[in-house]
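Sequence positions, counted from 1, serve as the residue numbers for this chain. For ligands, and for the atoms within them, numbers begin at 1 and follow the listed sequence.
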Amino acid sequence: MENKNDFQYPHTFILLGASGDLARKKIYPTIWYLYRDNLLPKHTKFIGYARTKQTLSEVKEKCKKYLKVRPGDEEKLDEFWAANEYFAGSYDKRIDYEMLNQLINKFEKGPVANRIFYLAVPPTVFQDVTVNIRNACVSIKGFTRVIIEKPFGSDDVSSDALSNHLAGLFKEEQIYRIDHYLGKEMVQNLMTIRFANQIFKPSWNRENIASVLISFKEPFGTEGRGGYFDDFGIIRDVMQNHLLQILSLVAMEKPVTLNPNDIRDEKVKVLRHINPIELSDILVGQYVGNPEGKGDEKLGYLEDPTVPKDSVTPTYALAALNINNARWQGVPFILRCGKALNERKAEVRIQYKDVPGDIFDGHAKRNELVIRVQPGEALYLKLMSKSPGMKFDLVETELDLTYSMRYGEADVPDAYERLILDVFTGTQMHFVRNDELKEAWRIFTPVLKELEGKHIKPVPYVYGSRGPPQADDKLAEYNFKYSGSYKWKKPTLS
Ligand SMILES: NC(=O)C1=CN([C@@H]2O[C@H](COP(=O)(O)OP(=O)(O)OC[C@H]3O[C@@H](n4cnc5c(N)ncnc54)[C@H](OP(=O)(O)O)[C@@H]3O)[C@@H](O)[C@H]2O)C=CC1
Ligand SMILES: O=C1O[C@H](COP(=O)(O)O)[C@@H](O)[C@H](O)[C@H]1O
């Protein structure tokens, strides 16, 4: 029997919503990089599909500024565009998908041919598109895989409805739900750090760890495009998906094997130990303009013309989750995310407990293992050492694995590149399974309903600040101690 995953067979990558922002800024560039680096099957055809009537040259022109082209790649780029087609059709008419099917058929020579559909379309047309793919476009001589992007619903009920809809059309192994944080280098590294190093194993538990802080910070606000964001808010946009995914990788038990389903079984299991978040365990914020800032920084969220003037949508949130199992009971997992803050940063901080039986007059600070996801991938362990020299003082220092120092500026592939390639090879390890999603909504829906139902006003914070000042009090409340005394001596390349 043939292995249908085999790269020798023709593959067609169909990008629905090809005229949109995501397609232009992210998906076309990604498939170009994969093509440029010869990572895709040799006979791959790309078809852009959207309602807009335009030529392929117009698509090419609109994508131009987002596609990085190195000197010498020009010929390859021409080859890439020659492998592309654009087809204008509606999202809701089966006849258009039948024509799309005919177009795909033209390229599918031989006994096996595979199809991948990427849905870069708004949730409003999601149902029509998936039904029409199922009815008119599935491959009859190879695999059909469907890549979908969040939002996967906006609460437990709508997400279940979507999952049931998809389950009626495709098998779970055909559905690739993207959470692009699962494609990031350091997020993928979490499993290796945890399970390929004996040194961490004995201390990765409630006996040794005081708290875990998982942060996402962005230095820009909605920049006049808050209309979409306002329906979701930062909890649905970042916390319920990206940060919760990271939490499950930090907290899960060791999977039986590296098989994607074994890993996802463990992720689901740890999520099942988490109770829904209580209102008292969440702090929400909304940015206000900074009169001293530049340009957009002067404008608060409510001054974005696309945002309702009385919006209580959070642009910042901090929540503490408790995992009620033998490993973690009593250790707060703090998820913290916000827009319009002072920096771009995503990281995990595993903060160890104070050393018991102190003989250093309180000078020993807590150890912290920091996994820096971005920018500048790094893993560093903050620890105490004797200050070099005659004195017997303590000094805070670190064991530092900074990727740029250790591996040069070398290739850390973009998250989307890895994930799209995974779809071609058929590995679902870094994609969200239906039951993970269900657990995520179980944890977040009640508090979202309460925040929205009670119209709870977020606390203000200034654009460009670290967030609401109350957030630091919350950190202290959840046993995250900030000493403020650690200084990093940035290493220099020799
Ligand atoms: N390999 C590498 O790249 C390494 C880099 N470093 C860098 O050195 C610097 C310091 O290291 P880091 O571990 O962050 O050291 P610190 O423990 O000093 O933490 C600094 C961070 O703490 C947060 N903070 C500031 N004030 C408070 C407060 N009152 N309460 C709670 N938290 C507060 C801020 O982050 P926030 O606003 O997010 O709360 C701040 O960035 C960082 O820039 C780090 O990236 C250090 C070691 C290795
Ligand atoms: O999913 C999302 O992520 C981006 C941040 O992604 P990153 O890879 O640049 O960290 C965020 O801006 C966006 O609001 C959110 O929907």
Determine, stepwise, if the pair Ser158 / Asp155 fulfils side chain to side chain donor-acceptor pair (under 3.5 Å).
CA-CA 6 Å; Ser158 54; Asp155 59 16; 2.7 Å; yes
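- The ligand atoms of ligand 1 that sit less than 4.0 angstrom from a heavy atom of Asp400 are 1 (N), 2 (C), 48 (C).
- Relative to the six-membered ring of Tyr486, Lys365 misses at least one condition, a distance below 6.0 Å or an angle of at most 45° to the axis.
- Judged by the shortest distance from any of its heavy atoms, Phe229 lies outside the 4.0 Å radius around the atoms of ligand 2.
- For ligand 2 and His242, the ligand atoms under 4.0 Å from any heavy atom of the residue are 1 (O), 2 (C), 3 (O).
- The protein atom (non-hydrogen) at minimum distance from atom 44 (C) of ligand 1 is Tyr380 OH, 3.3 Å.
- Heavy-atom contacts of Lys217 reach the following atoms of ligand 1: 36 (P), 37 (O), 38 (O) (cutoff under 4.0 Å).
- A salt bridge is defined here as a Lys NZ or Arg NE, NH1 or NH2 lying under 4.0 Å from an Asp or Glu carboxylate O, and Arg236 with Glu452 meets this definition.
- At least one protein heavy atom sits closer than 4.0 Å to atom 28 (C) of ligand 1.
- Remark: the Asn479 side chain and the Arg366 side chain contain an N/O donor-acceptor pair separated by less than 3.5 Å.
- What sits closest to atom 5 (C) of ligand 2 on the protein, heavy atoms only, is Glu218 OE2, 3.4 Å.
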Residue pair Lys267, Gln245: steps toward the side chain to side chain donor-acceptor pair (under 3.5 Å) verdict
CA-CA 8 Å; Lys267 287 167 73 190; Gln245 281 293 331; 2.7 Å; yes
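- Protein heavy atom nearest atom 16 (O) of ligand 2, with residue, atom name and distance: Asp237 OD1, 2.6 Å.
- Near Lys184, with a cut-off below 4.0 Å to any heavy atom, the atoms of ligand 2 are 7 (P), 8 (O), 10 (O).
- Assignment of Met405 to the shell around ligand 1 is not supported, since no heavy atom sits closer than 4.0 Å.
- Donor-acceptor pairing under 3.5 Å is recorded for the side chains of Ser483 and Ser485.
- Taking atom 14 (O) of ligand 1 as the reference point, the nearest protein heavy-atom neighbour is Arg349 NH2, 2.7 Å.
- Protein heavy atom at the shortest distance from atom 6 (O) of ligand 2 is His180 NE2, 3.1 Å.
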Determine, step by step, whether Phe80 and Phe46 satisfy the ring pair (Phe, Tyr, Trp, His ring centres under 6.0 Å) criterion, reporting the C-alpha distance in whole Å, the side-chain angles of both residues, the deciding distance to 0.1 Å, and the verdict.
CA-CA 9 Å; Phe80 168 72; Phe46 309 94; 5.3 Å; yes
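- Each of Leu379, Ile246, Val373 was checked for a side chain to side chain contact (heavy atoms under 4.5 Å, CB included) with Leu190, and the lone residue meeting it is Ile246.
- Note that Lys184 lies in the cation-pi zone of Tyr181, set by a 6.0 Å cut-off to the ring centre and a 45° limit from the axis.
- For atom 34 (C) of ligand 1, the closest non-hydrogen atom of the protein is Arg466 NE, 3.7 Å.
- The side chain of Arg372, and not its backbone, has at least one atom closer than 4.0 Å to an atom of ligand 1 (non-hydrogen atoms only; side chain from C-beta on).
- Counting protein heavy atoms only, atom 41 (O) of ligand 1 is closest to Lys345 NZ, 3.7 Å.
- Atom 21 (C) of ligand 1 has Tyr482 CE1, 4.2 Å as its closest protein atom, hydrogens excluded (heavy atom only).
- Heavy-atom proximity to Lys339, at under 4.0 Å, picks out these atoms of ligand 2: 11 (C), 12 (O), 13 (C), 14 (O).
- Between atom 17 (O) of ligand 1 and the options Glu368, Lys365, Lys382, the minimum heavy-atom separation is to Lys382.
- Taking a cut-off of under 4.0 Å to the non-hydrogen atoms of Ala378, the atoms of ligand 1 that pass are 1 (N), 2 (C), 3 (O).
- Counting only heavy atoms of the protein, atom 1 (N) of ligand 1 lies nearest to Thr402 OG1, 2.4 Å.
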Passes side chain to side chain contact (heavy atoms under 4.5 Å, CB included), Leu40 versus Phe13? Steps please.
CA-CA 11 Å; Leu40 297 180; Phe13 183 91; over 6 Å; no
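- The protein heavy-atom contact nearest to atom 11 (O) of ligand 1 is Tyr486 CE2, 3.2 Å.
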Using the side chain to side chain donor-acceptor pair (under 3.5 Å) rule, take Gln329 and Arg206 through it: C-alpha gap first, then chi angles, then the decisive distance, then the call.
CA-CA 7 Å; Gln329 185 141 36; Arg206 64 195 295 268; 5.6 Å; no
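- Residues Phe444 and Leu244 meet the side-chain proximity criterion, which asks for heavy atoms closer than 4.5 Å.
- Remark: the Tyr118 side chain and the Glu149 side chain contain an N/O donor-acceptor pair separated by less than 3.5 Å.
- Shown in contact with Gln374 at under 4.0 Å from a heavy atom are these atoms of ligand 2, numbered in order with element: 7 (P), 10 (O).
- Residue contacts with ligand 1 for Lys490 are absent, since no atom lies close enough (heavy atoms, distance under 4.0 Å).
- Note: Tyr228 and Phe232 have tilted aromatic rings, judged against thresholds of 30 and 60 degrees for the angle between ring planes.
- The aromatic rings of Tyr287 and Tyr463 stand perpendicular to each other, their planes meeting at an angle above 60°, with 30° marking the opposite boundary.
- The protein heavy atom nearest to atom 9 (C) of ligand 1 is Trp488 CB, 4.2 Å.
- The shortest contact between atom 9 (O) of ligand 2 and any protein heavy atom is with Arg344 NH2, 3.9 Å.
- Remark: minimum distance from atom 10 (O) of ligand 2 to any protein heavy atom is reached at Tyr181 OH, 2.4 Å.
- Within the 4.0 Å heavy-atom cutoff, Arg336 counts among the residues contacting ligand 1.
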Tell me, with the steps shown, if Gln174 and Leu169 meet side chain to side chain contact (heavy atoms under 4.5 Å, CB included).
CA-CA 10 Å; Gln174 293 180 282; Leu169 302 173; over 6 Å; no
